[in-house]
Every structure is written in C-alpha cells, then in structure tokens.
Amino acid sequence: KLPMRWSETENVLWKVPVPGRGHGSPTIVGDRVFVPTADPGKQNQSVLCLARDSGKLLWQTIVHPDQADPGHHANSSAASSTIACDGERLFINFLNGGAVHTTALSLEGRILWQQRICSYVTHQGFGSSPVIHESLVLVSADHKGGGNIAGLDRQTGREILALLRTLNA
C-alpha cells in the first residue's frame with residue numbers, strides 16, 4: 001500500500017546523505033537502490049548502491065575520477081542521467097572530459113566496460129539516460145555542436161549501430 005502523504009518524518013522509512021550532487025533518478029532493482037552522483041570538489045562521478053530496506057551504503061564505484069562536466073546552468077549537475085538495468089548489468093551515461101561516455105557495471109559495482117560515444121559541446125548540461133532494447137544499449141548525445149545516437153552491445157560495449165550522426169552546421 002503506497003502512502004498518499006509524506007513529509008520530512010511522515011511515511012519515511014530511511015534517509016541517508018548522498019555525497020556530491022546529482023539529478024538522475026534512483027533506480028531500484030530487487031533489494032538495492034542505485035544512485036548516480038558527482039562530487040563537484042573532486043570532479044569525480046560515481047554510482048552508489050544502497051540497501052533498499054535500510055539505506056545502508058553497500059558499495060560506491062568511482063566511474064570517472066576527474067574531469068566531470070556539470071554544465072553551464074545553475075540547476076545542472078555532472079550526474080543528471082538515470083541508471084538503466086537489464087537485471088545483470090547497470091548502464092550509466094556521464095559527460096566527462098568533453099565527451100559523453102557510457103559505462104556498464106556489474107550489480108556488485110565492478111566496471112565491465114566503458115565506451116566513448118562522442119565529443120560534446122556543453123551549453124546547459126547533459127542528462128540523457130541510456131535505454132535498453134533487446135541486446136542493445138541505446139545512447140543519445142544531442143548537443144550544440146552536433147550529436148550522436150548509438151546502439152552499443154550490452155555485453156561488450158562495442159558500437160553495433162550508429163543511428164544518427166550530425167556534424168557542426
């Protein structure tokens with residue numbers, strides 16, 4: 001039965017501080033909650049895994065140790081994508097070092113592969129989330145300087161399909 005109301009204390013099972021800043025939604029898979037975050041001071045980007053019943057931190061994986069790009073808008077962050085999961089792997093997009101990267105992690109937080117999607121000219125920020133379709137992870141990276149939509153093999157990260165490529169006009 002879902003609560004119809006909540007506040008800082010009413011119908012709250014647990015609260016935990018999340019290091020850094022992020023705008024991606026939490027992803028719930030079984031008894032775990034996965035959250036993307038970025039530490040503006042250290043310029044790193046991470047995925048956190050919390051226990052669904054208690055909020056206890058189970059693991060944190062730093063996906064990119066530096067060069068996080070928060071964008072040029074006060075409401076943007078360097079962790080604005082939502083994590084996708086196929087039941088075996090987690091997929092997350094981050095803008096880092098002037099390019100969009102997609103990373104696959106195991107459910108235990110081990111980095112399985114990383115793929116550079118394209119260079120990215122930051123205007124406001126980046127927040128495109130990966131989408132899973134059959135054996136592909138679909139990634140879009142539309143930006144002021146062009147863009148790319150790629151289909152990556154879920155197992156290897158190899159680009160299988162370049163659906164659209166645009167160049168500077």
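Remember, predicted model here, so these are calculated numbers, not experimental data.
Residues I62 and F91 do not share a hydrophobic cluster, defined by chaining ILVMFWY side chains whose heavy atoms lie under 4.5 Å apart. Follow the hydrophobic side-chain contacts under 4.5 Å out from I132 and you never reach L90; the two are in separate clusters. When the side chains of ILVMFWY residues are joined at heavy-atom separations under 4.5 Å, either directly or via intervening members, I111 and L107 end up in a single hydrophobic cluster. Using a 4.5 Å cut-off between side-chain heavy atoms of Ile, Leu, Val, Met, Phe, Trp and Tyr, with links allowed through other members, L105 and F34 fall into the same hydrophobic cluster.
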Practice problem: Check step by step if side chain to side chain contact (heavy atoms under 4.5 Å, CB included) holds for Q114 and T102. | Solution: CA-CA 6 Å; Q114 290 186 316; T102 300; over 6 Å; no

Quiz prompt | side chain to side chain contact (heavy atoms under 4.5 Å, CB included) between I83 and V47, worked out | solution = CA-CA 9 Å; I83 298 166; V47 171; 3.7 Å; yes

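Shortest non-hydrogen contact noted between W113 and D153 is CZ2-O, 3.7 Å. Considering every non-hydrogen atom in both I149 and S140, the closest pair reads CG1-CB, 4.0 Å. Smallest separation of non-hydrogen atoms from A79 and P36: CB-C, 3.9 Å.
Residues V16 and L50 are in side-chain contact: their nearest non-hydrogen atoms beyond the backbone lie under 4.5 Å apart. Contact of the V137 side chain with the Q155 side chain is not registered, since no non-hydrogen atoms from C-beta on lie closer than 4.5 Å. Inter-residue side-chain proximity for W14 and V12 is flagged as unmet; no heavy-atom pair is nearer than 4.5 Å. Counting only heavy atoms from C-beta outward, the side chains of L48 and L57 approach each other to under 4.5 Å. Looking only at side-chain heavy atoms (C-beta outward), I160 and L152 stay at 4.5 Å or farther from each other. Looking at heavy atoms from C-beta onward, L112 lies in side-chain contact with R89 at the 4.5 angstrom threshold. Considering only heavy atoms from C-beta on, H101 stays 4.5 Å or farther from F94 through its side chain.
Without hydrogens or angle criteria, T61 side chain to V63 main chain gives no donor-acceptor distance under 3.5 Å. Formation of a donor-acceptor pair under 3.5 Å by the T122 side chain with backbone atoms of G125 is not found in this model. Between the side chain of S128 and the backbone N or O of A141 there is no donor-acceptor pair closer than 3.5 Å. For the pair N148 (side chain) and I117 (backbone), a donor-acceptor distance under 3.5 Å is present. When atom types are taken as modelled, the side chain of Q67 and the backbone of N96 share no donor-acceptor pair closer than 3.5 angstrom. Formation of a donor-acceptor pair under 3.5 Å by the N11 side chain with backbone atoms of P3 is not found in this model. The backbone N or O of A78 sits less than 3.5 Å from a side-chain atom of Q45, completing a donor-acceptor pair. Judged purely by atom type and a 3.5 angstrom limit, H73 uses its side chain to pair as donor or acceptor with the backbone of N75.
With values rounded to the nearest 0.5 angstrom, H23 atom NE2 is found 7.0 Å from S76 atom OG. A distance of 9.0 Å separates NE2 in H64 from CG in L95, rounded to the nearest 0.5 Å. Of the inter-residue distances, the one linking L58 atom CG with E108 atom CD reads 11.0 Å to the nearest 0.5 angstrom. A distance of 10.0 Å separates CZ in R158 from CD in Q115, rounded to the nearest 0.5 Å. Between the CD1 atom in I92 and the OG1 atom in T103 there is a gap of 8.0 Å [rounded to 0.5 Å]. Between S54 atom OG and K56 atom NZ the span is 7.0 Å, to the nearest 0.5 Å.
Other residues, nucleotides and ligands contribute over 12 non-hydrogen atoms within 6.0 Å of the CZ atom of R32.
Partner of R21 under the side chain to side chain contact (heavy atoms under 4.5 Å, CB included) criterion, chosen from P70, S77, S80: S77.
A donor and an acceptor atom, one from each side chain of Q60 and S46, are located under 3.5 Å apart. Between the side chains of S81 and S129, no donor-acceptor pair of N or O atoms lies under 3.5 Å.
No salt bridge links E134 with R154; every basic N to acidic carboxylate O contact stays at or beyond 4.0 Å.
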